[in-house]
Protein chains: 2
Amino acid sequence: MAAREKATILDIAREAGVSKSTVSLVLQGSSLIRPETATKVRKAIEDVGYVYNRGAANLRKAHSNVIGMVINDLTNPFFAELAVGMERVFQSAGVVPFIANTAENPVRQEEVLKSMMEQGVAGLIVSPARGTTAEAFNRMRQAGIPVVLAMRRMPDGRVPAVVPDNHRGAALAAAHLIRKGHRRLAFFGGFSDMVVYHERADGFREGCEANGIAPEDMTIVEGETNRRGGMACLDAALTLPDPPTAAVCFNDAVAFGAMLALRKRGLEPGRDFAVVGFDDVVEAQHYVPALTSVAVDTAGLGERAAHSVLRMIQSRTTRAEDHVGAVNLVVRESCGPDLNASKDEVFS
Amino acid sequence: MAAREKATILDIAREAGVSKSTVSLVLQGSSLIRPETATKVRKAIEDVGYVYNRGAANLRKAHSNVIGMVINDLTNPFFAELAVGMERVFQSAGVVPFIANTAENPVRQEEVLKSMMEQGVAGLIVSPARGTTAEAFNRMRQAGIPVVLAMRRMPDGRVPAVVPDNHRGAALAAAHLIRKGHRRLAFFGGFSDMVVYHERADGFREGCEANGIAPEDMTIVEGETNRRGGMACLDAALTLPDPPTAAVCFNDAVAFGAMLALRKRGLEPGRDFAVVGFDDVVEAQHYVPALTSVAVDTAGLGERAAHSVLRMIQSRTTRAEDHVGAVNLVVRESCGPDLNASKDEVFS
DNA sequence: TTGATTTATTGGAACGTTCTAAAACGAGCT
DNA sequence: AGCTCGTTTTAGAACGTTCCAATAAATCAA
């Protein structure tokens, strides 16, 4: 059964006894056609089991209603959150976002972007894979397709981006640890070919300096931005001659890794070594000990990015302002009690 | 700069001094055209900044190269895993999967499915939102578009599905707890309008019966399938007159919730109450205490589902066999040591 | 040389929409 | 009757590709 030939606008026209133009008008909800005709047509549409062919339509129309979302790591709940925020605004704009995963692989990303363009997306939100260069977006610029970066920006900043205030977040975290009485601090995770790494590591450094920590008391350990990386960083740091007593981590995953490694060594996170994360994923509050982390309004950033593309599509421009989202430190248990219960004035 | 008119196959033809047909052939990598001509054309393609218009192509071609993946909850790392598995096989088949999230909302799902069809997907993998009925897939059947369900099946089983062996998994979990010496067991989470719930709860019941537990010693508590639901279930169970001492949970999220609730009451999971999860998400092994859980090869199921659609597309059929994936119990710490150190023969 | 055969190339008709310009239809006025 | 206005409807030309059938060019056999 079924397998009937694909019904087209013409079949509907025949069925309803009108012209294809009329059907087209009905499909677009035009107010030109007489209500009775409209209902007649709509009935025919139902009857023949019609599926709108957007490809054919796009051939004539200026642009489609699909927006692409290209994400570098879908398995990181953090990015899933971002996606959710975007979806919220797209949904109310009657746009369907198509998500694709690049698994942090620039080659895959290239394919995905290509495919999205071929599909005729109206705009793109991209959380670029590590190692992506601005050139990757040349083709879109040339084709006049708006692109907004999310969470990570390009080194040269030529593509509009929506990012959290990484610098301030890391500084906040460092200040918190220092206020807790720590004097030898570390920064764990990330690699110097990532822009975010620089923003966070620099913020960390500045936060330390501003609170009187000497450069030789700061340890910066690069590493993967996941649990395994966090474990490696911690191990590396603790074998140093004069090891740190606290660390700001590149993200929560790294922080979890560091805490895991601490436990493996019989040390208790919070008591024997303080850890601060970054991103404040849902997991952070449920972990034991609950993780102190720099909270980023991920879903909010997602919404922001979505609004940006929408606006760019509307005004058919390919440029837009960057947006830097506010951050704030959520204090939980992973830094233990104050080591030095005197100070009381802090950043907020 | 840029903003140039969109280049078409004709522009390339003009640039390269050949006919549009030749360009089309080159684009498809046909062996008909002379290599030198091909390179000439390829150069022209580069020069004019051409973007292939798949919509136009699909107008003539039988079917497109895009496959839709509709997922009910992208924020659940479990589903992200599933997506990753599928992507792996699609990638090697030269297909780009477009993912869309339905956030467990049937209405949203309807929109998403519609949009995917309009976009002309060649096939669909769907992890249906709760409350989805088989009718939701009528349109696809009518249009002859292959659909494979993942992780959840329809009550009437008319749509091919790829699912884990829920029944066996839950039975395994129950048997394990009984072997540990527990005699009053509970099943936490899920609602009776979900097929999976029945499969798992029935498996639990059967596992209990097979090991000599009387029906009155089994407690079944329905609830949301997330952390919050798990907490609620535990609280409900412990206020019973003769409370259970162990629980098989609908999934890991519920198990985490239950453990959280235990802690809140000053009870230690594993020691004071045994908990088994289902799905074995990565989180399970890192949790404290590490969660004993029924492992499902999620990525494997994803691959399986992907292969299924691919095969269905190939053979232009809309029917396929169901696939039930193997499960196995991963024993960790959340059930504590044996309460009764005698038995030694078990299911594997 | 002339066909016959193979190898490369091409014109033109689809495909299913949208959109412009024009037609058909009433009504209301002279 | 003819004219002018709305209001509805429609024919037909796009849009950018594929693919069939046809042509052109090159090669070979005699």
Side-chain angles (χ1 to χ4, degrees), chain A residues 4-42 44-45 48-66 114-115 117-122 143-144, chain B residues 4-42 44-45 48-66 114-115 117-122 143-144:
Chain A
R4 191 192 325 184
E5 272 318 301
K6 209 151 273 189
T8 86
I9 217 179
L10 276 147
D11 299 316
I12 301 172
R14 196 174 319 116
E15 180 85 8
V18 296
S19 80
K20 62 175 166 34
S21 310
T22 306
V23 179
S24 175
L25 272 296
V26 172
L27 284 174
Q28 298 169 75
S30 163
S31 62
L32 274 183
I33 50 103
R34 202 154 42 104
E36 318 159 37
T37 323
T39 46
K40 188 173 59 180
V41 171
R42 264 189 278 271
I45 291 179
V48 301
Y50 170 72
V51 181
Y52 183 73
N53 183 335
R54 208 168 282 275
N58 287 164
L59 221 40
R60 297 261 14 211
K61 288 226 284 238
H63 53 230
S64 70
N65 76 143
V66 355
K114 175 151 164 274
S115 188
M117 295 204 63
E118 292 183 356
Q119 220 57 233
V121 294
Chain B
R4 196 192 323 186
E5 272 316 302
K6 209 150 274 186
T8 87
I9 217 178
L10 277 148
D11 299 316
I12 300 173
R14 197 174 318 118
E15 180 85 7
V18 298
S19 80
K20 61 175 171 34
S21 308
T22 307
V23 179
S24 176
L25 272 301
V26 172
L27 250 18
Q28 298 169 74
S30 163
S31 62
L32 273 182
I33 52 103
R34 200 154 43 102
E36 318 159 37
T37 322
T39 46
K40 188 172 61 178
V41 170
R42 264 190 277 271
I45 291 179
V48 302
Y50 170 73
V51 184
Y52 183 72
N53 184 335
R54 207 167 283 275
N58 286 164
L59 222 40
R60 295 259 20 210
K61 288 224 287 233
H63 53 231
S64 71
N65 77 143
V66 353
K114 176 153 165 271
S115 190
M117 294 204 65
E118 292 183 357
Q119 221 56 234
V121 293

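- To the nearest 0.5 Å, atoms OG (B/Ser19) and CD1 (B/Ile12) are separated by 12.0 Å.
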Within the sub-3.5 Å range, which N or O atoms of nucleotides 11-18 of chain D have a protein N or O partner, and how far apart are they?
| unit_1 | atom_1 | unit_2 | atom_2 | d |
| --- | --- | --- | --- | --- |
| D/dA11 | N7 | A/Ser21 | OG | 3.1 |
| D/dA11 | N6 | A/Ser21 | OG | 3.2 |
| D/dG12 | N7 | A/Lys20 | NZ | 2.8 |
| D/dG12 | O6 | A/Lys20 | NZ | 2.9 |
| D/dG12 | O6 | A/Ser21 | OG | 3.4 |
| D/dA14 | N3 | A/Arg60 | NH1 | 3.0 |
| D/dG16 | N2 | B/Ala56 | O | 3.3 |
| D/dT17 | OP1 | B/Tyr50 | OH | 2.3 |
| D/dT17 | OP1 | B/Asn53 | N | 3.4 |
| D/dT17 | OP2 | B/Ile9 | N | 2.5 |
| D/dT18 | OP1 | B/Tyr52 | OH | 2.9 |
| D/dT18 | OP2 | B/Ser24 | OG | 2.4 |
| D/dT18 | O2 | B/Arg60 | NH1 | 2.6 |

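- Side-chain N/O atoms of A/Ser24 and A/Ser21 include no donor and acceptor closer than 3.5 Å.
- Scanning both residues, A/Met117 and A/Ala143, for their nearest heavy atoms gives CE-CB, 3.7 Å.
- Within a heavy-atom distance below 4.0 Å of DNA chain C, no residue of residues 31-41 of chain A is found.
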Donor-acceptor list for residues 49-57 of chain B side chains, cut-off 3.5 Å, not counting sequence neighbours:
| unit_1 | atom_1 | unit_2 | atom_2 | d |
| --- | --- | --- | --- | --- |
| B/Asn53 | OD1 | B/Gly55 | N | 3.0 |
| B/Asn53 | OD1 | B/Ala56 | N | 3.0 |
| B/Arg54 | NE | A/Glu118 | OE1 | 2.8 |
| B/Arg54 | NH2 | A/Glu118 | OE1 | 2.3 |

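- Direction change of the helix axis from one end of the helix from C/dT1-D/dA30 to C/dT30-D/dA1 to the other is 60°, with five pairs defining each end axis (rounded to 10°).
- Applying the side-chain contact (heavy atoms from CB on, under 4.5 Å) test to B/Ser30 and every residue at least two apart in sequence or in another chain returns B/Leu25, B/Leu32.
- Using a 4.5 Å heavy-atom threshold, the side chains of A/Val66 and A/Gln119 count as separate.
- With sequence neighbours excluded, the residues forming a side chain to side chain donor-acceptor pair (under 3.5 Å) with B/Arg14 are B/Asp11, listed by chain and number.
- Going from atom CD1 of B/Ile45 over to atom CD of B/Glu15 covers 11.0 Å, rounded to the nearest 0.5 Å.
- Taking every heavy atom of both residues into account, A/Ser64 and A/Gly120 meet most closely at OG-O, 2.6 Å.
- Contact of the A/Leu27 side chain with the A/Ile9 side chain is registered, since non-hydrogen atoms from C-beta on lie closer than 4.5 Å.
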